[in-house]
Amino acid sequence: MRKTKLIPFIVFLMASIFTLGFASKTNAAEKTYKIGTDLTFAPFEFQNSDGDYIGIDVDLLNQIAKDQNFKVDLRPLGFDSSIQGVQSDQLDGMIAGMSITDERKKTFDFSEPYFDSGIQMAVKNDNNNIKNYRDLKGKTVAAKIGTESATFLDKNKDKYGYEIKQYEAADAMYNALTNGNVEAIFDDYPVLGYAVTNGQSFKLVGDPEKGSSYGFAVKKGENKELLKKFNQGLKDLKKNGRYDKIVSEYISTGASSAASSEMKKIKPKKDAYVVASDSAFAPFEYKDSDGEYKGIDVDLLKRIAELQGFNIEFKFIGFSSAMQALESGQADGMIAGMTITDERKANYDFSDPYFQSGIQLAVAKDNKDIKHYKDLKGKTVGAKVGTESADFLEAHKKEYGYTIKSFDAADQLYDALKVGSIDAMMDDYPVIGYAVKQGQELKTPIKREVGGEYGFAVKKGQNPELSAMFTEGLKELKQTGEYDKIIDRYIGSGSEKKQNTVDESTIVGLLKNNYKSLLDGLWKTIVLALVSFGLALVVGVIFGLFRVSPIRSLRTLAGIYIDIIRGIPMMVLAFFIFFGLPGITGIKIPDFAAGIITLTLNASAYIAEIVRGGINAVPVGQMEASRSLGLSYNRTMQKIILPQAVKIMIPSFINQFVISLKDTTIISAIGVVELLQTGKIIVARTTQSSYVYLIIAIMYLILITILTKLANRLDKKVK
């Protein structure tokens, strides 16, 4: 009986094993593998202008998958996250320029090496003097901190007699070579080769020093079939020549100059792109004496738009406001001397760099004491808050023994040096150069420090075609030499003729050249104040009446409104209305309208309290007497209480109007060019802050005095 039952069971079990085995083979052939990779490690994996991941690792993996008949679900998570993903079984494998080491072999199984890395020397294209390590004697050589290159250079320093300079990032090192601060650089040879492929003007010298090999990795003891397929596919690609073709697409030695290619034209996806920018950052963007915006950023983008065939609409609203406009979707792109940083790359996609900046120390023209950083000991040095200059000064404060003084704006910094409250200052070198050309009594005794790179930015994942059009147009301008002409126009040798012949170093000259802009700013200030105050009177009176209403719900509603509006700083309120609401509602609000709304809400809350105070100031017995005579509450308010209360309120209304007029200056934070913002724009161009702000102060004083006199006359007539 047992044998009879056992035989069918064995047959069933064998059939099941056979079926499962067949299914397993079928699934394996069609399986999709989740592969982790780095986010940015060019030329092995990086995003192109269309947002797609490409590179040696990506292309190799895709070709191997095609050759071995499996699919890839690529997960660009970053190097560390990919390692953790493989170890936690969330990924089947990873490929990310991962060096095969004995330590890693304890937790990973590696494929056959798919790339043998190493370090190599590079020099400028026109350098024919350095052909080997012996030629480096007495020269300065650079490498990135903490790399194999830095270790190699330190080890051989005494042997070949060079000086070493170390940089934190590759771009700074490349720029040091381009600018002549170093004669040669060392880096991983594939990274150097990729830089050459992308237009860097240097060439590789000698053979690479043998380095580590890169391998494809899976968790130890798992996914053996995937590892086997990778090895076989790699072998096939090397055999048919596809491997060499992939590598050569990304790595060049720079030994022979490639023929210049025609500009790639990219089709725009919008009728017009809104581009936000700073309002006063000469020489990159500023208003000239005719009220037209010009500068390096403006001229570059306009010319690129012509070359690529797309339309632009500029919004000059200030650096911080421009970033928020881009973030909230009110702008499609941003160009404002914006330094490309890793932090910003998390939120924005950048074009190729269009300007290599740098920071420089400046002193008064008659200063003969400061010639080196060591001469700053015991002195005070100024810089703008949150800038590269401030970071540099902080990093070297103990080394050179100076005191740092921080300023919010450039005009404050330059004025402090002018009046002697600081002994030296540090700022971006093109800004200092422009200030000198505008007549500032400055000189730069110390060679500038290499700084960051400026880029055109779009919101991450959006408008990739706009960024690509900028990059392609920029390449064309550099190739034709037009780029250099634009740069020289603003920070050249200073031999160019100035279009403006009026001397703006005097009050008369400033008024003669800028009176139209000042009057436009004054008119906008008056309109902002009058319109917002008129609307605030209506809203404020309504909520003021609610505040003293016998109906409890109306009193509560008015109290909540007043507490909320008065509890939010006006600048925060302006930012929320202009930047926050469009992100929530999707409706874009013009800056002027946002300014009106902000001023109206702010003033209405205070007017409501003025109304409440005025009504409560009327003796309560009058209300009781009127009600006892049979008049209704509304009739009593209309005929008895309010006429008396209005007379009490008028002086407070006049005071509130003056406050609203002054508050218009806060609205400049969202880009409204009222009187104060007009002054800032003029200062950015002329660097004459003392005279400009004196003129504006006098204009405000005259305006407020006239309006106050008119209001007082009205008050007397009413009473």
Side-chain angles (χ1 to χ4, degrees), residues 37-38 40-46 54-60 79 95-101 112-136 139-157 159-160 162 164-178 182-216 234 237-238 243-258:
T37 190
D38 207 344
T40 51
F41 182 49
F44 293 93
E45 45 266 334
F46 60 98
I54 59 173
I56 295 173
D57 286 351
V58 179
D59 291 4
L60 277 178
F79 190 83
I95 184 169
M98 188 177 185
S99 299
I100 302 172
T101 64
E112 293 294 322
Y114 67 84
F115 192 90
D116 294 321
S117 188
I119 59 175
Q120 195 165 5
M121 178 169 63
V123 298
K124 290 179 71 172
N125 274 337
D126 57 1
N127 188 324
N128 297 318
N129 298 322
I130 300 176
K131 298 177 181 179
N132 52 55
Y133 298 153
R134 292 189 300 275
D135 297 330
L136 295 175
K139 294 181 170 56
T140 305
V141 187
K144 289 182 292 185
I145 296 170
T147 59
E148 284 184 276
S149 299
T151 304
F152 175 85
L153 288 178
D154 190 67
K155 184 179 178 181
N156 293 278
K157 180 181 177 182
K159 182 178 179 181
Y160 296 112
Y162 47 73
I164 304 172
K165 197 167 185 179
Q166 298 193 32
Y167 295 88
E168 290 185 357
D171 53 354
M173 183 172 68
Y174 296 164
N175 288 321
L177 180 62
T178 303
V182 298
E183 283 81 11
I185 61 174
F186 277 70
D187 202 355
D188 290 359
Y189 92 82
V191 178
L192 288 175
Y194 176 73
V196 171
T197 302
N198 280 270
Q200 288 285 355
S201 57
F202 52 72
K203 61 186 177 183
L204 308 190
V205 177
D207 295 324
E209 297 290 333
K210 184 171 176 57
S212 55
S213 298
Y214 296 162
F216 177 84
L234 179 63
L237 292 186
K238 287 185 175 181
Y243 173 89
D244 292 330
K245 189 174 181 181
I246 289 172
V247 172
S248 64
E249 283 177 10
Y250 295 96
I251 299 176
S252 172
T253 64
S256 59
S257 58

How many angstroms lie between atom [atom1] of [X] and atom [atom2] of [Y], to the nearest 0.5 angstrom?
| X | Y | atom1 | atom2 | value |
| --- | --- | --- | --- | --- |
| E183 | D135 | CD | CG | 12.0 Å |
| I185 | F202 | CD1 | CZ | 4.5 Å |
| I164 | D154 | CD1 | CG | 5.0 Å |
| I95 | D38 | CD1 | CG | 12.0 Å |
| I54 | D59 | CD1 | CG | 7.0 Å |
| T151 | N156 | OG1 | CG | 11.0 Å |

Residues that S99 engages under side chain to side chain contact (heavy atoms under 4.5 Å, CB included), provided they are two or more places apart: T101, R104, S212, Y214
D126 meets the side chain to side chain contact (heavy atoms under 4.5 Å, CB included) criterion, sequence neighbours left out, with K124
Looking just at side-chain N and O atoms, do Y114 and D57 make a donor-acceptor pair shorter than 3.5 Å? yes
Test item: L136 and M121 side chains (from C-beta on) under 4.5 Å apart, heavy atoms: yes
Please give me the minimum heavy-atom distance between [X] and [Y], naming the atom from each residue.
| X | Y | value |
| --- | --- | --- |
| G55 | Y250 | N-OH, 3.2 Å |
| S213 | P113 | CB-CB, 3.7 Å |
| V58 | E45 | CG2-CB, 4.0 Å |
| K131 | V205 | O-CG1, 3.3 Å |
| A122 | L192 | CB-CD1, 4.1 Å |
| Y167 | A142 | CE1-CB, 3.7 Å |

Pair Y162, F186 - check ring pair (Phe, Tyr, Trp, His ring centres under 6.0 Å), show working. CA-CA 13 Å; Y162 47 73; F186 277 70; 7.3 Å; no
Would you check if the side chain of N132 reaches a backbone N or O of R134 as a donor-acceptor pair within less than 3.5 Å? yes
Within the distance-only criterion (no hydrogens, no angle test), does the side chain of T37 pair as donor or acceptor with the backbone N or O of A96 below 3.5 angstrom? no
Tell me every residue that passes side chain to side chain donor-acceptor pair (under 3.5 Å) with [X], counting only those two or more places apart in sequence or in another chain.
| X | answer |
| --- | --- |
| Q120 | none |
| Y133 | E209 |
| S149 | none |

For F115, which of F216, Y243, F44 qualifies under ring pair (Phe, Tyr, Trp, His ring centres under 6.0 Å)? F44
If the condition is salt bridge (Lys or Arg N to Asp or Glu O under 4.0 Å), which residues does D187 pass it with, not counting sequence neighbours? K144
Taking atom NZ of K238 as the centre, report whether more than 12 heavy atoms of other residues, nucleotides or ligands fall under 6.0 Å from it. yes
